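Sequential numbering from 1 along the given sequence is applied to the chain's residues. A quick note: this is a predicted structure, and the numbers were derived from the prediction, not measured.
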Amino acid sequence: MSYDVAITDGPVRAIFDLKGPQAALADWAGDTLPGFPDAPNRRVREDGKTLAHIGPDHWLLIADLTCEEALTDALKPADAPPEISIVRVSDVYAWVRITGPDAAHVTATGCPLDLETFPEDGASFTEFFTQKALITRGGHGFEVAIDRSYAPWIAEMLARITP
């Protein structure tokens with residue numbers, strides 16, 4: 001079967017793993033963070049930064065890689081109080097974009113989420129071809145962040161679906 005999709009590598013991004021009570025993170029980070037999402041598995045985008053609520057007291061801050069040093073300086077991970085954790089994890093993830101009219105069908109072949117009901121501002125960890133992955137929806141499709149070491153495997157699986 002032929003699918004009407006484009007599969008491209010996404011750019012490397014600045015990513016910070018944030019854990020702790022929302023109030024404590026907000027106090028520490030000040031105006032460095034965008035607003036917090038109002039529900040789990042949602043994300044907020046403001047001023048080129050995305051904050052994704054991916055679990056209880058757990059968020060990912062995602063931004064353009066050119067912002068990484070400025071965000072590190074502003075968030076001061078090494079100086080964070082004991083009730084929160086801020087870890088830069090930018091190098092961990094590789095991104096794949098799946099866009100086009102059949103993006104949901106192609107993404108669903110590797111993902112157990114019900115993508116028909118997955119919201120535009122959705123962000124959730126799940127599996128993608130048996131590997132832990134962050135799935136987000138936006139624009140005309142999906143972005144999948146996977147452990148960089150599995151990027152060749154994911155590329156091969158997607159190539160088998162969309163020859």
Side-chain angles (χ1 to χ4, degrees), residues 8-99 103-104 107-108 110-115 117-154:
T8 57
D9 292 334
V12 176
R13 297 187 180 126
I15 305 172
F16 292 82
D17 187 276
L18 311 172
K19 293 180 183 166
Q22 180 176 327
L25 284 165
D27 286 346
W28 180 255
D31 62 358
T32 302
L33 299 178
F36 282 83
D38 59 5
N41 298 321
R42 296 289 194 275
R43 64 190 166 140
V44 170
R45 291 183 247 176
E46 291 175 7
D47 301 325
K49 295 179 275 190
T50 298
L51 189 62
H53 187 188
I54 57 169
D57 291 339
H58 194 182
W59 293 265
L60 286 180
L61 175 63
I62 305 165
D64 189 272
L65 190 60
T66 60
C67 300
E68 186 176 58
E69 289 306 316
L71 287 170
T72 299
D73 292 344
L75 293 170
K76 302 180 278 285
D79 299 328
E83 67 267 24
I84 65 173
S85 169
I86 301 173
V87 179
R88 186 168 66 180
V89 294
S90 309
D91 295 340
V92 172
Y93 296 101
W95 293 81
V96 176
R97 290 181 177 153
I98 304 168
T99 57
T107 306
C111 172
L113 291 177
D114 179 0
L115 298 177
T117 61
F118 197 68
E120 276 293 318
D121 65 344
S124 182
F125 271 105
T126 185
E127 288 187 358
F128 194 61
F129 295 106
T130 72
Q131 302 307 312
K132 179 180 175 183
L134 175 71
I135 302 277
T136 62
R137 182 179 208 150
H140 300 288
F142 298 85
E143 285 194 300
V144 182
I146 43 100
D147 185 297
R148 186 169 303 286
S149 64
Y150 290 108
W153 164 259
I154 298 302

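Between the CZ atom of Phe125 and the CG atom of Leu113 there is a distance of 12.0 Å, given to the nearest 0.5 Å. Here the straight-line distance linking atom CH2 of Trp95 with atom CD1 of Ile154 works out to 14.0 Å at 0.5 Å rounding. Atom OG of Ser85 is separated from atom CG of Leu18 by 8.0 Å, given to the nearest 0.5 angstrom. Of the inter-residue distances, the one linking Thr50 atom OG1 with Glu143 atom CD reads 9.0 Å to the nearest 0.5 angstrom.
Judged by distance alone, with hydrogens and angles left aside, the side-chain atoms of Lys49 form no donor-acceptor pair with the main-chain N or O of Val44 at under 3.5 Å. For the pair Trp28 (side chain) and Pro81 (backbone), a donor-acceptor distance under 3.5 Å is absent. Judged purely by atom type and a 3.5 angstrom limit, Thr32 uses its side chain to pair as donor or acceptor with the backbone of Ala29. Between the Glu46 side chain and the Gly35 main chain, a donor and an acceptor come within less than 3.5 Å of each other.
Within the 4.5 Å cutoff, no side-chain heavy atoms of Glu68 are placed close to those of Leu71. Using a 4.5 Å cut-off on side-chain heavy atoms (C-beta onward), Asp27 and Gln22 make no contact. When side chains are defined from C-beta on, Leu134 does not count as touching Val144, because their heavy atoms never get closer than 4.5 Å. A 4.5 Å side-chain heavy-atom check between Ile98 and Thr8 finds every atom pair outside the cut-off. Between Leu61 and Ile15, the closest side-chain pair of non-hydrogen atoms is not below 4.5 Å. For the pair Phe16/Trp59, no side-chain contact is recorded, criterion being any heavy-atom separation below 4.5 Å from C-beta on. Residues Leu51 and Arg45 fail the side-chain proximity criterion, which asks for heavy atoms closer than 4.5 Å.
For Asp147 against Tyr93, the heavy-atom pair with the smallest separation is N-CD2, 4.5 Å. Nearest heavy atoms, Ala24 versus Ile84: CB-CG2, 3.6 Å. Scanning both residues, Ala63 and Cys67, for their nearest heavy atoms gives CB-CB, 4.3 Å. The nearest pair of heavy atoms linking Ala26 to Phe36 is CB-CE1, 3.8 Å. Heavy atoms only, all atoms of each residue included: Leu33 and Leu25 are closest at CD1-O, 4.3 Å. Of all non-hydrogen atoms in Leu115 and Ala104, the two that sit nearest each other are CD1-O, 3.8 Å.
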| Stepwise, does the side-chain contact (heavy atoms from CB on, under 4.5 Å) test hold for Ile135 with Phe128? | CA-CA 9 Å; Ile135 302 277; Phe128 194 61; 4.3 Å; yes
Q.
Evaluate Ile54 against Ser124 for side-chain contact (heavy atoms from CB on, under 4.5 Å), listing each step before the verdict.
A. CA-CA 6 Å; Ile54 57 169; Ser124 182; over 6 Å; no
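Surrounding NZ of Lys76 are more than 12 heavy atoms belonging to other residues, nucleotides or ligands, all under 6.0 Å away.
Side-chain N/O atoms of His53 and Asp38 include no donor and acceptor closer than 3.5 Å. Judged purely by distance below 3.5 Å, without hydrogens or angles, the side chains of Arg13 and Ser90 never pair a donor atom with an acceptor atom.
Salt-bridge check for Arg42 with Glu120: failed, with every basic side-chain N at 4.0 Å or more from each acidic carboxylate O. Salt-bridge check for Asp57 with Lys19: failed, with every basic side-chain N at 4.0 Å or more from each acidic carboxylate O.
Here Phe129 and Trp153 keep their ring centres 6.0 angstrom or further from each other.
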